[in-house]
Amino acid sequence: MFIILYLVTSMVAGDFYKVPITVAFMITSIYAVIVTGGLPLRKRIDVFSRGAGTGQMMLMLWIFVLAGAFAYSAKAMGAIDATVNLALTLLPGNMLLAGFFVAACFISLSIGTSVGTIVALTPIAAGIAEQTGISLPMMTAVVVGGSFFGDNLSFISDTTIIATSTQGCRLSDKFRVNAFIVVPPAVLLLVAYIFMGSDIASPKHVAEVEYVKVIPYVVVLLTAIFGMNVMAVLTVGLLLTGMIGMAEGAFDVFGWFAAMGSGISGMGELIIITMMAGGLLELIKQNGGIDYMIEKMTSHIHSKRGAELSIGALVSLVNICTANNTVAILTVGGIAKQIGDKYGVDNRKCASILDTYSCMMQGLIPYGAQMLMAAGLAKLNPISIMPYLYYPLLIGVAATLSILFRYPRRYS
């Protein structure tokens, strides 16, 4: 129902702005409640509400609230303009795409979260796109793609931790296998970004950098890299924007409050979409949809290669339904372990397949938290970013080739 309402009708109309994603989710949610059988209407609504308000879902929403408040107050006090000017001063125009991709890869690898990386870099990337004339959807996609590099590889990423724990292997072993698969696409894409950015020129008149206004972003990046909780990171950044903004005369305390209020309001659509997606997941589980997919996907396995492909397809399909790569790995981790053991799949390779395919799918769906966050911060429709999401697509291709050609050989 969601695919028909949002993707198909938008493609028929030739305009992805014709159907608001919130309306598509609302109608789909009503449909899901109606077709859920065996329960009174009130119970069905309760199931939907339980999925919309899980602990993990609420944590995500609090991050969205803080991210919106930080992004808007940082913009109001001039932090984004100052950081953009600093980036333009340090990086030549032809290295902007490659530079931001490397920055997103490094930060996500350090902090283990794609959402945190997107929150930190997207406003800066959007500002640079505006200054240089680079396509805003492309610049946003560069950050989103690079953010999944660390989400997939980092030792402290929740997807890595869950993938290794469900498959019973060490983090370092899974990292080694994963690196063989995803580093070549990252290097290939970096070279492509260097060539793609060769005709980009920095603005001739870059304003003088106000270094004091860069401090909130520097602190946010450093505290995140050193492992501070993302909510604490955003709170520290928010306080710094307020103090520096008032000290520099960018706003008074009421102006700061107004900026935070605008930022929180700006996240409203994202919050509503996320809650409805969570409710849909709960109804899908209630109706046995995920169990059905697992049963169908595992009924035709006859070889090790088939087992690995089915694990990749399974976690991808569940990720489409859940819009959360961590939840997808948790959901299919147990059955993936059983499939792997039955057909002799190396646990390290199995963990890598789970993580890589889930990150690939999470990076491509327009209603995932990362895409919605990036689109919200850049003020774009998520669909407009999708044609430029090269890295998630490349790691999916690389993972499939690694299965078909038994690579890396010692783990296959």
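Note that the coordinates shown come from a computational prediction; the quantities given were computed from them, not determined experimentally. Position 1 is the first residue of the sequence; numbering continues from there. Every heavy atom of this structure was used, including side-chain atoms; hydrogens, water molecules and symmetry mates were not.
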Met196 vs Tyr390 side-chain heavy atoms within contact, under 4.5 Å: yes
Test item: Pro123 and Lys75 side chains (from C-beta on) under 4.5 Å apart, heavy atoms: no
Smallest separation among heavy atoms of Ser157 and Asp151, with atom names: OG-O, 2.6 Å
Separation between CZ of Phe148 and CD1 of Ile395, rounded to the nearest 0.5 Å: 8.0 Å
CD1 on Ile335 to CD1 on Ile311, rounded to 0.5 Å: 9.0 Å
Thr132 vs Met139, side-chain contact (heavy atoms from CB on, under 4.5 Å): CA-CA, chis, key distance, verdict: CA-CA 11 Å; Thr132 59; Met139 200 65 177; over 6 Å; no
Side-chain heavy atoms of Leu280 within contact of Phe25, under 4.5 Å: yes
Over all atoms of both residues, closest heavy-atom pair of Ile181 and Ser402: CD1-OG, 3.8 Å
Exam field: side chain Glu308 to backbone Cys350, donor-acceptor pair closer than 3.5 Å: no
Heavy-atom pair of closest approach, residues Ala126 and Leu136: CA-CD1, 3.5 Å
Side chain proximity check, Tyr357 to Thr400, heavy atoms < 4.5 angstrom: yes
CE on Met267 to CG on Leu61, rounded to 0.5 Å: 11.5 Å
Distance-minimising heavy-atom pair for Met138 and Leu97: SD-CD1, 4.1 Å
Gln362 side-chain N/O to Asn324 backbone N/O, donor-acceptor pair under 3.5 Å: yes
Glu248 with Lys213: basic N within carboxylate O range, under 4.0 Å: no
Inter-residue atom distance Ile107.CD1 - Leu121.CG, 0.5 Å rounding: 4.0 Å
Pair Asp341 + Lys337, salt bridge at N-O below 4.0 Å: yes
Donor-acceptor under 3.5 Å (Asn319 side chain, Val315 main chain): no
Tyr411 vs Asn347 side-chain heavy atoms within contact, under 4.5 Å: no
Main-chain N/O of Phe254 paired to Asp252 side chain as donor or acceptor, under 3.5 Å: yes
Over all atoms of both residues, closest heavy-atom pair of Ala71 and Leu377: CB-CD2, 3.6 Å
Between OH on residue Tyr391 and SG on residue Cys105, distance to nearest 0.5 Å: 6.5 Å
Within-4.5 Å side-chain heavy-atom neighbours: Ile244 and Val212: yes
Any donor-acceptor pair under 3.5 Å from Ser108 side chain to Gly146 backbone: yes
Test log, rule side-chain contact (heavy atoms from CB on, under 4.5 Å), inputs Thr22 and Ile273: CA-CA 6 Å; Thr22 46; Ile273 291 167; 3.8 Å; yes
Plane angle bin for Trp256 and Phe251 - parallel if under 30°, tilted between 30 and 60°, otherwise perpendicular: parallel
Atom CG of Leu239 with >12 non-hydrogen neighbours under 6.0 angstrom: yes
Arg176 bridged to Asp173 by N-O distance under 4.0 Å: yes
Distance-only donor-acceptor check, side chains Asn325 and Ser358, under 3.5 Å: no
Distance, nearest 0.5 Å, that separates CZ of Phe149 from CG of Asn178: 9.5 Å
Expected output: side-chain Thr122 to main-chain Val119 donor-acceptor under 3.5 Å: no
Thr36 side-chain N/O to Ala32 backbone N/O, donor-acceptor pair under 3.5 Å: yes
Heavy atoms from other residues, nucleotides or ligands near OH of Tyr407 exceed 12 (cutoff 6.0 Å): yes
Expected output: side-chain Lys304 to main-chain Gly344 donor-acceptor under 3.5 Å: yes
Neighbour count above 12 (heavy atom, 6.0 Å) for Arg406 CZ: yes
Intermediate values then yes/no, side-chain contact (heavy atoms from CB on, under 4.5 Å), Met386 and Met371: CA-CA 9 Å; Met386 290 181 67; Met371 281 279 281; 3.5 Å; yes
Side chain Ser73, main chain Met260, donor-acceptor under 3.5 Å: no
Student check: side-chain heavy atoms of Met276 and Phe48 closer than 4.5 Å: yes
Working for side-chain contact (heavy atoms from CB on, under 4.5 Å), residues Leu59 and Met231: CA-CA 9 Å; Leu59 177 63; Met231 291 181 68; 3.3 Å; yes
Validation row: Phe100, Ile124 side chains within 4.5 angstrom (heavy atoms): yes
Heavy-atom closest contact (Asp355 atom, Lys174 atom, distance): OD2-NZ, 2.6 Å
Donor + acceptor pair across side chains of Thr159, Asn152 (<3.5 Å): no
Donor-acceptor pair, side chain of Thr356 and main chain of Ile353, under 3.5 angstrom: no
Mutual orientation of the aromatic rings belonging to Tyr217 and Phe70 [parallel < 30°, tilted 30-60°, perpendicular > 60°]: perpendicular
